[in-house]
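Because only heavy atoms are used, hydrogens play no part in the values below, and waters and symmetry mates are left out as well, while side chains stay in. The shown structure was predicted, so the numbers you read here are calculated from the model rather than taken from an experiment.
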Amino acid sequence: MRRLKYLTCISEATKHELVSYFPWAERKLRVITNPIDPTFSYKPKIFNTENPIILHIGTKTNKNLVRVAAALKDLTCHLRIVGRLSKEQETALKENNIDYSCVSNLTDEEIIQEYENCDILSFPSLFEGFGMPVIEAQAVGRPVLTSAREPMQSVADGAALLVNPEDVAEIHNGFMRLLQDAELRSTLVLKGLENIRRFQPQEIANQYMALYKEMMNEA
């Protein structure tokens with residue numbers, strides 16, 4: 001970090017974390033987000049009112065699956081999980097009588113298919129560097145429930161239902177609203193499609209080009 005003139009971070013949250021450890025590096029840091037893969041494209045889907053599919057991406061501790069299992073108790077839905085389950089997670093799913101299925105080691109094409117098949121994305125993560133599933137789901141056209149903390153909040157930019165990821169009751173109420181409120185779902189989908197324009201590859205490339213030009217002018 002001392003040798004480099006500039007460093008790029010994928011989110012303001014990552015930048016703030018670096019500054020907390022290396023205050024002297026703040027002037028070197030520039031935030032340029034991740035781009036959305038163009039293969040994630042809008043695929044309209046009629047919402048499954050009888051047994052909606054809630055897609056949960058990731059099973060590491062920060063992905064908050066145990067709380068999600070508790071939050072979905074007594075809600076009619078199918079929880080589709082991408083990732084390997086721990087014993088604790090399996091116990092939580094069984095104790096809360098969750099209707100679920102689990103897959104792992106998916107190809108890129110299979111991951112996209114999971115987004116297209118789902119009705120709602122579950123991503124109330126405890127911490128992330130960025131939070132790609134938020135914009136991947138928005139690109140496909142699915143309503144998103146995610147955390148009211150950074151960087152997810154900034155990535156979603158008003159186009160997701162935000163909850164306290166440590167409050168099971170709040171997560172439960174968030175899912176219940178998405179399951180019951182068709183107008184809310186439609187609004188979030190439209191806002192999500194607008195939001196992902198910020199993450200198009202050409203837009204991100206332009207930001208890097210601007211930084212390179214700044215460096216050349218200073219040389």
Side-chain angles (χ1 to χ4, degrees), residues 11 13 45 47-106 110-111 113-138 140 142-156 158-189 192:
S11 69
K45 179 181 184 294
F47 190 81
N48 183 348
T49 56
E50 293 186 0
N51 194 32
I53 298 172
I54 296 178
L55 178 64
H56 187 91
I57 302 289
T59 55
K60 291 182 179 179
T61 304
N62 64 301
K63 305 302 182 183
N64 216 13
L65 180 57
V66 170
R67 287 192 182 93
V68 167
L72 290 177
K73 184 177 182 179
D74 298 327
L75 294 180
T76 301
C77 63
H78 178 83
L79 182 61
R80 180 69 164 176
I81 303 164
V82 176
R84 295 179 181 274
L85 296 176
S86 67
K87 291 295 183 181
E88 179 189 12
Q89 291 166 338
E90 289 180 346
T91 299
L93 291 163
K94 291 176 181 177
E95 287 181 346
N96 290 287
N97 297 314
I98 303 301
D99 174 25
Y100 77 95
S101 57
C102 185
V103 289
S104 60
N105 298 321
L106 301 182
E110 289 169 334
I111 285 286
Q113 192 65 54
E114 293 293 337
Y115 281 104
E116 293 177 356
N117 291 341
C118 81
D119 296 285
I120 295 169
L121 175 74
S122 164
F123 199 70
S125 179
L126 296 172
F127 60 87
E128 295 289 329
F130 182 73
M132 282 300 298
V134 173
I135 59 173
E136 289 173 345
Q138 289 177 340
V140 174
R142 300 298 179 266
V144 174
L145 180 144
T146 191
S147 303
R149 60 176 56 173
E150 297 299 341
M152 286 74 72
Q153 187 167 316
S154 293
V155 170
L161 183 59
L162 303 178
V163 297
N164 178 352
E166 298 185 60
D167 188 331
V168 171
E170 192 169 324
I171 300 171
H172 171 87
N173 291 336
F175 279 126
M176 189 163 59
R177 286 184 63 196
L178 287 176
L179 291 170
Q180 297 177 353
D181 192 336
E183 184 175 352
L184 173 60
R185 294 195 302 268
S186 179
T187 297
L188 292 179
V189 168

**Message:** What verdict does the side chain to side chain contact (heavy atoms under 4.5 Å, CB included) test give for Ile54 and Leu75, after you've listed the backbone C-alpha separation in whole Å, the side-chain angles of each residue and the deciding distance to 0.1 Å?
**Reply:** CA-CA 11 Å; Ile54 296 178; Leu75 294 180; over 6 Å; no
**Message:** Return the CD to CG distance between Gln89 and Leu65, rounded to the nearest 0.5 Å.
**Reply:** 4.5 Å
**Closest non-hydrogen atom pair, Tyr100 against Ile81** = CD1-CD1, 4.0 Å
**Asked** Under 3.5 Å, side chain of His172 to main-chain N/O of Asp74, donor-acceptor pair present?
**Response** no
**Item:** Presence of salt bridge, Arg149 and Glu166, under 4.0 angstrom
**Value:** yes
**Request:** Identify the heavy atoms of Lys73 and Asn96 that sit nearest to each other, and give their distance.
**Result:** CD-OD1, 3.5 Å
**Prompt:** Any side-chain heavy atom of Arg142 within less than 4.5 Å of one from Val189?
**Reply:** no
**Request:** Ignoring hydrogens and angles, tell me if any N or O in the side chain of Thr59 forms a donor-acceptor pair with the backbone of Leu85 under 3.5 Å.
**Result:** no
**Asked** Just by modelled atom types, is the Ala182 backbone N or O under 3.5 Å from a matching donor or acceptor in the Ser186 side chain?
**Response** no
**Prompt:** Mind checking whether Lys63 and Phe123 have side chains closer than 4.5 Å, heavy atoms only?
**Reply:** yes
**Request:** Indicate yes or no: at least one non-hydrogen side-chain atom of Leu145 is less than 4.5 angstrom from one of Leu121.
**Result:** no
**Prompt:** Hey, does Ile57 have a side-chain heavy atom less than 4.5 Å from the side chain of Glu136?
**Reply:** no
**Closest non-hydrogen atom pair between Ser147 and Leu162, with its separation** = O-CD2, 3.6 Å
**Item:** Distance-minimising heavy-atom pair for Gly131 and Val155
**Value:** O-CG1, 4.2 Å
**Asked** Taking the side chain as C-beta and beyond, is there a heavy-atom pair between Pro143 and Leu161 under 4.5 Å?
**Response** no
**Prompt:** Looking at His78 and Ser101, what are the two nearest heavy atoms and their distance?
**Reply:** NE2-OG, 2.7 Å
**Asked** Atom CG in Asp181, atom CE in Met176: separation rounded to 0.5 Å?
**Response** 11.5 Å
**Request:** Keeping the roles fixed (side chain from Asn117, backbone from Gln113), state whether a donor-acceptor pair exists under 3.5 Å.
**Result:** yes
**Prompt:** If only atom types and distance count, is the side chain of Asp119 paired as donor or acceptor with the main-chain N or O of Ile53 below 3.5 Å?
**Reply:** yes
**Prompt:** Do side-chain atoms of Ser11 reach the backbone of Gly129 as a donor and acceptor pair under 3.5 angstrom?
**Reply:** yes
**Message:** What's the separation between atom SG in Cys77 and atom CG in Asn51, rounded to the nearest 0.5 Å?
**Reply:** 7.0 Å
**Message:** When you compare the side chains of Thr91 and Glu95, does any donor N or O come within less than 3.5 Å of an acceptor on the partner?
**Reply:** no
**Message:** Any heavy-atom pair between the side chains of Met152 and Ser125 that's under 4.5 Å?
**Reply:** yes
**Prompt:** Do Leu179 and Phe47 have side chains that get closer than 4.5 Å, going by heavy atoms?
**Reply:** yes
**Request:** Inspect the contact between Arg84 and Glu90 and indicate whether a charged nitrogen and a carboxylate oxygen are less than 4.0 angstrom apart.
**Result:** no
**Request:** Carefully, step by step, assess Leu79 and Leu93 under the rule side chain to side chain contact (heavy atoms under 4.5 Å, CB included).
**Result:** CA-CA 10 Å; Leu79 182 61; Leu93 291 163; 3.8 Å; yes
**Message:** Less than 4.5 Å apart, side chain to side chain, heavy atoms only: is that true for Phe127 and Pro165?
**Reply:** no
**Request:** Could you tell me the separation between the NE2 atom of His56 and the SG atom of Cys102, rounded to the nearest 0.5 Å?
**Result:** 10.0 Å
**Fill in**
Rounded to the nearest 0.5 angstrom, the OG1-CD distance for Thr146 and Glu128 is 8.0 Å
**Request:** For the pair Leu178 and Leu184, evaluate side chain to side chain contact (heavy atoms under 4.5 Å, CB included) and give the outcome as yes or no after the intermediate values.
**Result:** CA-CA 7 Å; Leu178 287 176; Leu184 173 60; 4.0 Å; yes
**Item:** For the student: nearest non-hydrogen atoms of Glu110 and Asn105, plus distance
**Value:** OE1-O, 4.3 Å
**Fill in**
Separation between CZ (Arg80) and CG (Asp99), nearest 0.5 Å, reads 11.5 Å
